[in-house]
Amino acid sequence: MQVRVYYEDTDFSGVIYHANYLRFMERGRTNYLRLLGADHRTLFEETQDEAPGFAFVVRSMTIDFFKPGYMDDVLDVVTAAGEVKGASITLLQQCRRGDDLLIEARVRVAFVSGGKAQRIPKPLRIAMESGRVKQSAT
C-alpha cells in the first residue's frame, strides 16, 4: 500500500514524526485484510453471531528505525503474516521508500470478543496462513 508523507506527518525538521509510522502501519493492516478478501465492515457482520463485539487489538509491537522519511516521500507499507495462532497473528510490516527500508515492525494482534481472546474465525485464519512468511520481510 502506498502513502504519501504530508506536512502534518512530519516534525519541525521535515522528518516523519516517529509515531506517525503507527498510523501508516494501521492503514497497512486494514488494507492487508481487504486484500485477503475480509474488509472490516463485512467481517464485523459475518462474525456478529459467533463473536459479538469482536475487535482486533494490538498486543505488542517492536519497531526498528533505520532511515528517516521526509515530507513528500511516497512510502510503500508492506504487510505480511508471520506466525498465525488460534487467537492471534504476528504481522511483519515495513515502510519503504523505493529500495530504502525506513522501518520494520513485528506486530502481534489478538482477536477478542467480550473482553476475552477468541479464536480467529476459520476462513480468515486460513486466508492469513496462506500468505504467511517464515522470516522477517527484509
Side-chain angles (χ1 to χ4, degrees):
M1 178 191 86
Q2 288 192 323
V3 295
R4 179 169 298 277
V5 178
Y6 293 101
Y7 179 77
E8 68 184 24
D9 299 317
T10 63
D11 62 17
F12 67 92
S13 67
V15 172
I16 297 173
Y17 181 66
H18 70 280
N20 286 327
Y21 285 106
L22 299 176
R23 293 186 353 201
F24 300 156
M25 290 186 298
E26 177 68 35
R27 292 180 206 158
R29 290 190 299 276
T30 299
N31 197 53
Y32 175 74
L33 284 176
R34 192 170 287 118
L35 291 172
L36 290 175
D39 69 88
H40 273 97
R41 186 177 312 169
T42 303
L43 193 57
F44 279 110
E45 292 168 0
E46 290 175 351
T47 59
Q48 187 58 36
D49 292 334
E50 181 182 342
F54 95 89
F56 286 109
V57 296
V58 173
R59 174 72 170 91
S60 63
M61 181 183 293
T62 58
I63 305 173
D64 290 311
F65 296 87
F66 299 107
K67 294 183 178 183
Y70 303 98
M71 187 170 52
D72 288 330
D73 281 352
V74 175
L75 306 182
D76 291 313
V77 179
V78 181
T79 305
E83 185 177 28
V84 180
K85 293 186 175 182
S88 70
I89 180 171
T90 299
L91 296 166
L92 307 172
Q93 292 192 278
Q94 297 179 335
C95 289
R96 296 181 157 277
R97 180 185 52 232
D99 292 334
D100 290 334
L101 176 61
L102 305 184
I103 71 152
E104 184 170 61
R106 296 179 63 78
V107 185
R108 188 167 147 218
V109 179
F111 183 81
V112 298
S113 174
K116 296 181 181 180
Q118 300 290 328
R119 289 190 63 76
I120 297 170
K122 189 174 181 178
L124 181 56
R125 189 173 57 251
I126 290 168
M128 288 178 171
E129 287 172 344
S130 71
R132 196 173 58 155
V133 294
K134 299 284 187 216
Q135 303 251 337
S136 165
T138 57

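If you read the sequence from its start, that first residue is 1, and numbering goes on from there.
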Not counting sequence neighbours, which residues clear salt bridge (charged side-chain N to carboxylate O under 4.0 Å, His left out) with R23? List them please. D9
Pairwise distance [atom1]([X]) to [atom2]([Y]) - rounded to 0.5 angstrom:
X	Y	atom1	atom2	answer
C95	K67	SG	NZ	14.5 Å
Y32	M1	OH	CE	14.5 Å
Q94	D64	CD	CG	11.0 Å
L92	E83	CG	CD	10.5 Å
F66	I103	CZ	CD1	9.0 Å

Name all pairs fulfilling the side-chain hydrogen bond (donor to acceptor under 3.5 Å, both in side chains) condition that reach into residues 54-63, sequence neighbours left out, sorted by first residue then second. none
Within a strict 4.5 Å, meaning less than it, do heavy atoms of the [X] and [Y] side chains meet?
X	Y	value
T90	V107	no
T10	E8	no
K116	Q118	yes
I89	R108	no
V58	R29	yes

Sorted by chain and residue number, the side-chain contact (heavy atoms from CB on, under 4.5 Å) partners of L22 (sequence neighbours excluded) come out as M25, M61, I63
Using a 3.5 Å cut-off and no angle test, enumerate the donor-acceptor pairs between side-chain atoms of residues 71-80 and protein atoms at least two apart in sequence or in another chain.
unit_1 : atom_1 : unit_2 : atom_2 : d
D73    : OD2    : Y70    : N      : 2.8
D73    : OD2    : R97    : NH1    : 2.9
D76    : OD1    : Q2     : NE2    : 3.2
T79    : OG1    : Q93    : NE2    : 2.9

Considering all heavy atoms, the nearest V15-P68 contact: CG1-CB, 3.9 Å
OH (Y6) with more than 12 external heavy atoms under 6.0 Å: no
For F12, the other hydrophobic cluster members (4.5 Å side-chain criterion, sorted by chain and number) are none
S88 (side chain) donor-acceptor with V84 (main chain) under 3.5 angstrom: no
Taken in chain and number order and not counting sequence neighbours, the residues that satisfy side-chain hydrogen bond (donor to acceptor under 3.5 Å, both in side chains) with K85 are none
